[in-house]
Number of protein chains: 2
Amino acid sequence: MDKSRVLAALAALAHETRLDLVRLLVGVAPEGLAQGEIARRLSVTASGLAFHLAQLEQAGLVRARRQSRHVFYAADTACIGAVLGYVLRDCCQSHPEVSDCCRRTAEGRGAPGDKRGSPPGSQT
Amino acid sequence: MDKSRVLAALAALAHETRLDLVRLLVGVAPEGLAQGEIARRLSVTASGLAFHLAQLEQAGLVRARRQSRHVFYAADTACIGAVLGYVLRDCCQSHPEVSDCCRRTAEGRGAPGDKRGSPPGSQT
DNA sequence: TCAACGATTCACGAGTAGTTGAGATATGGA
DNA sequence: TCCATATCTCAACTACTCGTGAATCGTTGA
């Protein structure tokens with residue numbers, strides 16, 4: 001897991017459709033879903049879906065598997081975890097507060113002293 | 001921490017210069033560094049740095065603080081952790097393998113059965 | 001007030017991402 | 001073989017991002 005792979009993965013995740021794709025595919029991992037079924041569930045066009053799946057596959061976040069006329073896409077849960085772990089360790093040097101907030105948010109507990117209820121500039 | 005904030009944060013992180021910025025600023029958190037000092041350390045132009053810092057600040061990943069003629073930028077470690085935690089929980093539904101790989105990578109242990117030494121299509 | 005310094009903003013051009021529709025390709029069944 | 005279905009590829013277009021240099025703004029100290 002090197003820097004360029006992590007950058008590609010982050011760029012791949014930084015799009016609403018692809019984040020939805022990852023959410024959907026992680027939910028059905030490790031079997032995955034056929035492209036047509038994904039298109040139906042997320043209401044995206046076939047060509048748009050192919051584009052986004054290709055991005056995710058190139059970033060290593062999902063893997064494709066042909067089965068007769070269908071192509072099943074499955075989330076690569078190990079790769080997704082490795083990307084998050086890389087950001088935690090290499091970019092954040094395992095900073096205690098980063099790790100702590102990550103764990104708390106992941107456990108659905110939120111931050112105890114969450115001073116930033118709304119971010120500067122992102123409120124509507 | 002809603003979806004649009006996470007998307008903005010991921011997009012902000014998905015750039016080499018900004019990932020370097022985050023690494024640098026997390027390393028000196030919570031004090032932060034003045035913009036000129038950051039520019040020197042990372043060898044980027046002043047205008048380019050201002051652009052990237054603005055991206056990071058808008059995404060909530062760093063915070064600016066004026067001190068006389070200097071503007072100090074500090075990483076918002078809680079926000080960074082929350083973004084990672086959101087991806088773990090909301091997008092990956094706390095999938096055990098994702099959490100596991102994340103924890104292992106963050107602890108520098110790597111994955112035990114890492115079948116993907118190199119990703120499909122990202123090797124040079 | 002003035003000069004020096006740090007930070008910000010602006011315009012411009014190049015490159016890339018995203019969306020869409022049309023057509024091509026591959027597979028399975030009648 | 002023919003048709004229906006599933007997936008892929010391509011071109012065209014729009015919109016955005018990024019890097020750069022110049023100009024501008026704000027603060028400080030003489």
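It should be emphasised that the depicted structure is a prediction, and the values quoted were computed from it without experimental measurement. Letters A, B, ... mirror the listed sequences (proteins, then strands); counts begin at 1.
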Novice: Specify the separation, in whole Å, of atom CZ of B:Arg69 and atom P of D:dA30.
Specialist: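 Nearest whole value for this atom pair: 11 Å.
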Novice: Does any part of the side chain of A:Cys92, heavy atoms only, come nearer than 4.5 Å to the side chain of B:Ile80, both counted from C-beta?
Specialist: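 The answer is yes; the side chains approach within 4.5 Å.
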Novice: May I have the step-by-step check of salt bridge (Lys or Arg N to Asp or Glu O under 4.0 Å) for A:Arg23 and A:Asp20, ending in yes or no?
Specialist: CA-CA 5 Å; A:Arg23 185 183 293 111; A:Asp20 290 341; 2.9 Å; yes
Novice: Shoot me the first and last contacting nucleotide of DNA chain C against chain B, ordered 5' to 3', at under 4.0 angstrom to non-hydrogen atoms.
Specialist: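 Listing 5' to 3', DNA chain C meets chain B from C:dC5 to C:dT9.
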Novice: Please determine if A:Glu107 and A:Arg103 form a salt bridge, counting it only when a charged side-chain N lies under 4.0 Å from a carboxylate O.
Specialist: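 No, no charged N to carboxylate O under 4.0 Å.
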Novice: Rounding to a whole Å, what distance do you find between A:His52:NE2 and D:dC8:P?
Specialist: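 The distance from NE2 of A:His52 to P of D:dC8 comes to 14 Å, rounded to the nearest Å.
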Novice: Is there a side-chain contact between A:Arg41 and A:Leu33 (heavy atoms, below 4.5 Å)?
Specialist: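 SC-SC contact between A:Arg41 and A:Leu33 confirmed.
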Novice: Please state how far atom CD in B:Gln58 lies from atom C1' in D:dC18, giving the value in whole angstrom units.
Specialist: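 Going from CD in B:Gln58 over to C1' in D:dC18 covers 16 Å.
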Novice: Using a strict cut-off of less than 4.0 Å between a Lys/Arg side-chain nitrogen and an Asp/Glu carboxylate oxygen, indicate whether A:Glu57 and A:Arg63 qualify as a salt bridge.
Specialist: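 The answer is no: the pair does not qualify as a salt bridge.
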Novice: Would you mind reading off the distance between B:Arg66 atom CZ and D:dC25 atom P, rounded to a whole angstrom?
Specialist: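 About 15 Å, once rounded to whole Å.
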Novice: Minimum heavy-atom separation for B:Leu21 and B:His52, please, with both atom names.
Specialist: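 Nearest pair, atom of B:Leu21 first, then B:His52: CD1-CB, 3.8 Å.
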Novice: Go through it in stages, so that I can follow the logic: the residues are B:Ser94 and B:Leu88, the test is side-chain contact (heavy atoms from CB on, under 4.5 Å), and I'd like the CA-CA distance, side-chain angles, deciding distance and then a yes or no.
Specialist: CA-CA 6 Å; B:Ser94 302; B:Leu88 266 176; 5.9 Å; no
Novice: Quick one, which residues of residues 14-51 of chain A touch DNA chain C with a heavy atom under 4.0 Å?
Specialist: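 Result for residues 14-51 of chain A: A:His15, A:Arg18, A:Ser47, A:Gly48, A:Phe51, sorted by number.
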Novice: Hey, does B:Tyr73 reach any base, or is it just sugar-phosphate, or nothing, if we go heavy atoms under 4.0 Å?
Specialist: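 Sugar-phosphate, no base atom in range.
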Novice: Under the salt bridge (charged side-chain N to carboxylate O under 4.0 Å, His left out) test, which residues partner B:Arg69, sequence neighbours left out?
Specialist: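 Testing B:Arg69 for salt bridge (charged side-chain N to carboxylate O under 4.0 Å, His left out), a comparison that skips the adjacent residues, returns none.
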